[in-house]
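Some notes on the structure that comes next.
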2 protein chains.
Amino acid sequence: MAVAGRTTIRDVAAAAGVSPTTVSHALNGKGRIDPRTRARIQRTAERLGYQANRIARGLRSGRYGVQALWLPIEQDAASSDALTLDYYMRLASAMTKAFFTRGDVVMLIPPVGSSEKLVPLPTDGAIVVDPYDDDPRLAALRRLDIPTVTIERNPIDPDDPWCVASDTGDEIETLLEHLDSEGAERIALLVPEAMGAWSKEQREAYRTWSQRHGRDSLTRSLSLHSAFESADRAVRSLLMARPRPDAIVIGAERFVPGTMHAVADAGLSVPGDLLVAVAVDGNHARSSTPPLTAVDLQPERQAVAAAELLWRRLDGEEPQGQRTIPVILKVRESSRRQPGGARATGRAIDAGAADL
Amino acid sequence: MAVAGRTTIRDVAAAAGVSPTTVSHALNGKGRIDPRTRARIQRTAERLGYQANRIARGLRSGRYGVQALWLPIEQDAASSDALTLDYYMRLASAMTKAFFTRGDVVMLIPPVGSSEKLVPLPTDGAIVVDPYDDDPRLAALRRLDIPTVTIERNPIDPDDPWCVASDTGDEIETLLEHLDSEGAERIALLVPEAMGAWSKEQREAYRTWSQRHGRDSLTRSLSLHSAFESADRAVRSLLMARPRPDAIVIGAERFVPGTMHAVADAGLSVPGDLLVAVAVDGNHARSSTPPLTAVDLQPERQAVAAAELLWRRLDGEEPQGQRTIPVILKVRESSRRQPGGARATGRAIDAGAADL
DNA sequence: TGTCGTTGACAAATCGATTTTGGTCAAGGA
DNA sequence: TCCTTGACCAAAATCGATTTGTCAACGACA
């Protein structure tokens, strides 16, 4: 259909007065060919607008030129839910761009319940984002023998070298240091319960920092499923404690609305009575009122790193250890001690300088 | 690589004691085959875990089993920006699922500046979302002779039957009727300037309704580029007018933060002093404070309709006219006249019933 | 002069499926 | 008995590129 009438290697061969073999060699720099012949063939191909048919090429070479991107699945919840997080969108977008630089295209894997159905995956490799314990995605890909790179560590195998990880320790530490420098003394942490190496590392880093600074550990592990209610409840109870926390670090975007609701309901203001910061940046943080301090995980850099790693793996090269992507703290109004008419100012600064 | 050792049609043929031809026919229901033979072959294929190699199949049949999804490009702005809108995320997710029901996979097209580079698109067809005037995406696809379906009308050719459109007229009307029934008398409209049939239709529907009801037209066309500033400015000036508007319909998600900022800055409360509603639903509307009344465009249904249309087009069938997808009004706190302690209630209702 | 190595190009095999074309065998009719 | 006819299956062609194997021409060198 789309193929009808496309110029083939045979057309080029005929036009240049050589054999298809020679054309292939000339364009791919493979065989021994007279430089003049090569140049002539290249010109001819150019003139005819010849583009190798990826399918035919793939059939022979065994490479599809397609990479799979597998975002986290909600096993139970409305499955389109996960995708609405804008970190994942940025990641998906960046990933398509990163792969495209070398001609590969990215295919999205739909959230399928039974991993059986997706067997015939026309893909060379795959990127799995935020793997969790006993992740069926990894199992399926292993069964299909599809080379895989993960973004964030696989909790089952945290040392797997084919992995791009963000510097979670540094992330939490940065957040805590920042809140500390703004005067916070009792900092609480909300994290998703279990699942994924990422939240484990958050918890761990938080505990370490708290111990080192002689602070109490105020961790609440929440369900991502009923995110609003669980965050609301947890924050409500946190705010009733005496002494009351004076800062909250929110580990996942989905806990934000519940948290803000509980805070408002308790009659507290942000940042006046309580500093707030989020572990994942995005539109939601920028456009919240007040704008929320957040950590940019740099999905664009993660994407590039993951693509490079996957290409290396596909080429059969040796692993060189995990890639760690640094994080960037975006300070916004929600964590600035200065009170008063700062709102407008905060917005302006935010929109002008700090944001991508 | 991923192909190594995969069982081929030949393996199945050998195991079942027939020819590859017969296996192909048996599994695809093509030729005339003894039902018992067919069953035996199917069992054998099953046992061996045989899955047709999509590349080989594609080479012969001319079908790739891959469809392209092309979300709107920001020509100037940071390109990952567009993708962070969660309507597009839901759409992308739903699209992968819709196509997957018939074995097709969806490939994301990266936002490329020069449309030249993407020539060798290994794709059967394409979905273009929100086409705008002289859209380079449509031009590129036409040049490549790739059958295309658009989501929302092509402003250049609004009657193109290969199109899934949301019922914009109904959308705006529904919003206006709702606000009207809540007592609003001067309703303003913020829309993106030019570009895309969608905003044109919004403007048109708004004007029609206003005339019919003898209301003033209060339209502001804003730049999507500096969305925050332009919305902020526009709303500020709207709110200074006397008589002051008592309701605002926001035509695009990106105008929300600027609008809310201007409203708060003017010392007005929502919904107490001003009713607010948004034309596109999403997380942003649900988790805003207060939660915003919005229109759900039902991207899931759009996706299914688009997939069906594209398949039809690929099969060479005749167009049957555009598909119109109805919209659903999600009423939330931002447009409810009832004042007072409704916030908690509003949230609860919202999370429980109204939301997907 | 004859042999060998090198260069430059091409024919043919290959990838794994689908599609087209044949071919065999049994049943049924003349 | 011979000829159709239909049912069932297989051989071969095909898709468009890459890879392998072959071969002629030419110089260099013994």
Side-chain angles (χ1 to χ4, degrees), chain A residues 1-42 44-45 48-66 103 119-124, chain B residues 1-42 44-45 48-66 103 119-124:
Chain A
M1 175 123 296
V3 187
R6 272 272 269 281
T7 66
T8 77
I9 199 173
R10 241 170 285 271
D11 301 329
V12 179
V18 295
S19 76
T21 309
T22 308
V23 174
S24 173
H25 285 162
L27 297 179
N28 298 311
K30 281 294 174 58
R32 279 186 311 239
I33 296 199
D34 188 301
R36 291 180 315 240
T37 312
R38 184 187 301 272
R40 181 162 50 89
I41 293 177
Q42 280 167 343
T44 311
L48 268 55
Y50 169 74
Q51 290 289 152
N53 179 321
R54 293 176 73 114
I55 290 216
R57 167 178 292 169
L59 181 56
R60 190 68 237 260
S61 65
R63 281 263 184 124
Y64 294 66
V66 176
V119 171
L121 228 44
T123 190
D124 297 323
Chain B
M1 175 124 298
V3 186
R6 272 273 270 280
T7 65
T8 76
I9 199 173
R10 241 171 285 271
D11 300 329
V12 178
V18 295
S19 75
T21 308
T22 308
V23 174
S24 174
H25 284 162
L27 297 180
N28 297 311
K30 283 293 173 58
R32 276 191 311 244
I33 295 199
D34 188 302
R36 291 182 315 244
T37 311
R38 184 186 300 274
R40 182 162 50 86
I41 292 176
Q42 279 168 343
T44 311
L48 268 52
Y50 169 74
Q51 292 289 153
N53 179 323
R54 294 177 71 112
I55 289 209
R57 165 177 295 170
L59 180 57
R60 187 70 239 262
S61 63
R63 283 262 183 123
Y64 293 65
V66 176
V119 170
L121 228 44
T123 189
D124 297 322

Of all the nucleotides listed (C:dC10, D:dA17, D:dT18), which has the minimum atom distance to the side chain of A:S24?
D:dT18
Enter the distance from A:D11:CG to A:T8:OG1 here, rounded to the nearest 0.5 Å.
4.0 Å
Using whole Å, report how far CZ of A:R57 lies from P of C:dC15.
19 Å
Below the 4.0 Å mark, does C:dA9 have OP1 or OP2 next to a side-chain nitrogen or oxygen of A:T22?
no
Tell me which nucleotide among D:dG16, D:dT18, D:dC8 gets nearest to the side chain of B:L59.
D:dG16
B:I55 CD1 to D:dA17 P, in whole Å, measures 14 Å
Tell me the interatomic distance from A:R32, atom CZ, to D:dC23, atom P, rounded to whole angstroms.
15 Å
Looking only at side-chain N and O atoms, does A:Y50 come under 4.0 Å of OP1 or OP2 in D:dG16?
no
Contact class for B:V18 vs. all strands (heavy atom < 4.0 Å): base, sugar-phosphate, or nothing?
sugar-phosphate
Here the gap from A:Y50 atom OH to A:Q42 atom CD, rounded to the nearest 0.5 Å, amounts to 12.5 Å
Let me spell it out: for each of B:A56 and B:T37, pick the nucleotide of DNA chain D with the closest heavy atom. Which residue's pick is nearer the 5' end?
B:T37
For A:T8, which contact category applies under a 4.0 Å heavy-atom criterion: base, sugar-phosphate, or nothing?
sugar-phosphate
What residues form a side-chain contact (heavy atoms from CB on, under 4.5 Å) with B:A13, not counting sequence neighbours?
B:P20, B:V23
A:R60 has an atom CZ; how far is it from atom P of C:dG16, in whole Å?
9 Å
A:I33 has an atom CD1; how far is it from atom P of C:dC10, in whole Å?
9 Å
Between D:dC15 atom C1' and A:N53 atom CG, what is the distance in whole Å?
8 Å
Taking only the side-chain nitrogens and oxygens of B:K30, find out if one of them lies under 4.0 Å from OP1 or OP2 of C:dT19.
yes
Do we see a donor-acceptor contact under 3.5 Å between the side chains of A:T22 and A:S19?
yes
Could you give the CD1-to-C1' distance, from A:I9 to C:dA9, as a whole number of Å?
14 Å
With distance as the sole test, does B:R54 use its side chain to make a donor-acceptor pair with the main-chain N or O of B:G65 at under 3.5 Å?
yes
Closer than 3.5 angstrom, by distance alone: can the side chain of B:N53 be matched with the main-chain N or O of B:I55 as a donor-acceptor pair?
yes
Phosphate contact (C:dC10 OP1 or OP2) by A:T21 side-chain N/O below 4.0 Å:
no
Between atom CZ in B:R38 and atom C1' in D:dC9, what is the gap in whole Å?
12 Å
Test side-chain hydrogen bond (donor to acceptor under 3.5 Å, both in side chains) applied to A:R36 - qualifying residues, sequence neighbours left out:
A:D34
Between the axis at one end of the helix from C:dT1-D:dA30 to C:dA30-D:dT1 and the axis at the other (five pairs apiece), what's the angle to 10 degrees?
80°
Where the side chain of A:R10 is concerned, which of C:dA11, D:dA11, D:dA17 is the nearest nucleotide?
D:dA17
Distance in Å, B:L27 CG paired with B:I33 CD1, rounded so as to fall on 0.5 Å steps
8.5 Å
Does a nitrogen or oxygen in the side chain of B:N28 sit under 4.0 Å from OP1 or OP2 of C:dT18?
yes
